[in-house]
Structures are given as C-alpha cells and as structure tokens.
Amino acid sequence: MRVAIVSDIHGNRHAFEAVLDAIEASECHEMWCLGDLVGYGAEPDACVELARRYAAICLAGNHDLGVRGALPLEEFSRGAALAARWTQNTITSETRSYLDKLEPEHQGEDVGLFHASPRDPVWEYVLSPLQAELCLDAQTHRVCLIGHSHVALSFSRSDGQSASGQTRAPGEEVDLAGGEWLINPGSVGQPRDGDPRAAWLELDLDSWQAVYRRTDYDIAGAAAAIRAARLPDSLAERLAYGQ
Ligand code: ZN
C-alpha cells in the first residue's frame with residue numbers, strides 16, 4: 001500500500017487543499033496525518049473538515065490538545081498560546097468534537113505513528129542524532145513517522161552503528177528496507193526548513209521506499225487570512241520564508 005503522510009497543517013487551508021490535490025494526482029491509496037490540524041493559521045474549521053473527510057488515520061498534536069483544553073496553554077510560546085485561544089473561540093462544536101477524539105500516537109500499523117517522538121508523542125522535537133538514538137531505542141516498530149519539528153528529515157541506524165540523520169530535499173527517495181528509521185515529512189501549513197512550499201511524503205509500505213514531496217500553494221492567500229483574523233502579523237510573515 002502507498003500512503004501519503006502529512007503533518008502540522010496548522011489551520012492553513014490553502015496549503016492543505018494544494019497538498020490534497022497533489023495526493024489525489026499521486027498513486028497513494030490513503031492519507032495519514034500526524035497531527036496539529038489547528039494553531040497558528042486562520043482556517044481551523046476548514047482544515048479539520050478536510051482531515052475528517054480524507055484522513056484514514058489522524059493524530060492529535062500539541063496544538064490540537066492545547067485548543068481542546070487537554071494541555072495548559074502556559075506551556076506554549078506566547079504567539080502559539082494566543083493563536084490557540086483565538087482558535088478555541090472560533091471553532092465550531094463539530095471541529096471541537098473531532099479534535100476531542102484524536103490521540104498523539106497510533107501503533108496499529110506496520111509503522112509507528114507519533115506526533116512528536118516515540119518517547120514523548122506530544123512535545124519532543126527530534127532534531128539531533130543523540131535524541132534520535134534515544135527514540136530509536138524506545139520505539140517498537142522498525143520505522144516510525146514523526147512530525148512536530150516542521151522540518152523534512154530522516155534519522156536512521158543500522159546494526160552496530162550510531163544514529164545519523166539529515167534534512168531531506170523535494171524528490172529525494174529514501175530506501176527504508178533495512179535498519180531503523182525516524183521519518184519526518186515536514187509541515188504542510190508552516191514549514192520551518194527554509195522552503196516555504198507545503199511538505200509531505202509518499203511512503204510505499206510494500207517496497208519500503210519513501211519520497212519527499214513539496215507542493216506550491218497560495219502563500220499570500222494564507223497570509224491574508226491570518227491578517228484578516230487579526231492574528232499576530234509574524235504568523236503571516238513567516239510563511240513566505242518557510243520559518
Ligand atoms: Zn506543529
């Protein structure tokens with residue numbers, strides 16, 4: 001089975017729709033989402049509705065948990081807490097009840113799915129080989145999918161070696177057939193790896209091949225929606241820089 005992996009949508013409908021179009025044109029059979037449907041962006045209801053319709057699996061991210069009151073907003077940065085409060089006051093009861101059902105990890109597939117990391121599914125940003133090492137020790141699946149850092153990357157470890165990793169460019173293919181892996185598709189709605197295009201990943205669970213993807217979208221439209229909602233201007237500006 002070929003699966004499209006998306007993560008960190010963050011209320012960016014423009015980016016999510018563009019990625020869903022690209023997935024539709026691909027050979028993927030299903031779409032799985034690693035969480036953070038809401039937070040930062042101005043169209044949380046639209047993003048949750050798209051996830052409800054198209055995601056075969058959807059995790060909860062820390063922002064989803066914050067918005068539904070399962071995490072104290074004091075643990076968030078100032079801008080993130082402000083956006084979470086705005087989202088709480090904006091979303092419909094249907095959106096709220098969808099978010100209420102989501103969990104930050106899912107173990108029932110051939111790969112492990114975590115919003116943040118196998119040892120801390122809610123908060124850990126896996127960005128260093130040492131952290132990857134500890135996560136690979138903790139995971140029960142050989143291959144795990146993680147989001148949260150908004151950086152398209154992979155870490156891997158083969159027998160007797162220590163973990164190493166790298167950021168991943170669009171079109172890059174990764175052979176997952178051997179070794180242990182942590183794979184991050186990057187962020188759909190707020191990339192932070194310097195490439196402003198929406199990030200996602202194609203994963204073939206039969207041949208164990210992954211391909212990193214990037215999709216152009218209407219960044220100006222997403223930024224205009226953030227400004228119209230009177231969310232912090234920095235949340236609109238950063239989209240153009242992919243930071
Ligand atoms: Zn996120």
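Note that ligands are numbered from 1 as they come in the structure, with each ligand's atoms numbered from 1 the same way. The shown structure was predicted, so the numbers you read here are calculated from the model rather than taken from an experiment.
Around the Zn ion (ligand 1), the protein contributes the following N, O or S atoms under 2.8 Å, ordered by chain and number: Asp8 OD1, His10 NE2, Asp36 OD2, His150 NE2.
Every residue meeting the ring pair (Phe, Tyr, Trp, His ring centres under 6.0 Å) condition with His148, not counting sequence neighbours, appears here in chain and number order: His115, Tyr125.
Distance alone, capped at 3.5 Å, places no donor-acceptor pair between the Asp8 side chain and the Val188 backbone. At distances below 3.5 Å, at least one donor-acceptor pair connects side-chain atoms of Arg68 with backbone N or O atoms of Leu99. Under the 3.5 Å distance criterion, the side-chain polar atoms of Asp120 are left unmatched by any main-chain donor or acceptor of Ser117.
Note on Asp100 versus Arg96: salt bridge recorded, some NZ/NE/NH1/NH2 to OD/OE distance being below 4.0 Å.
For Phe76 and Trp123, the ring centers are positioned less than 6.0 Å apart.
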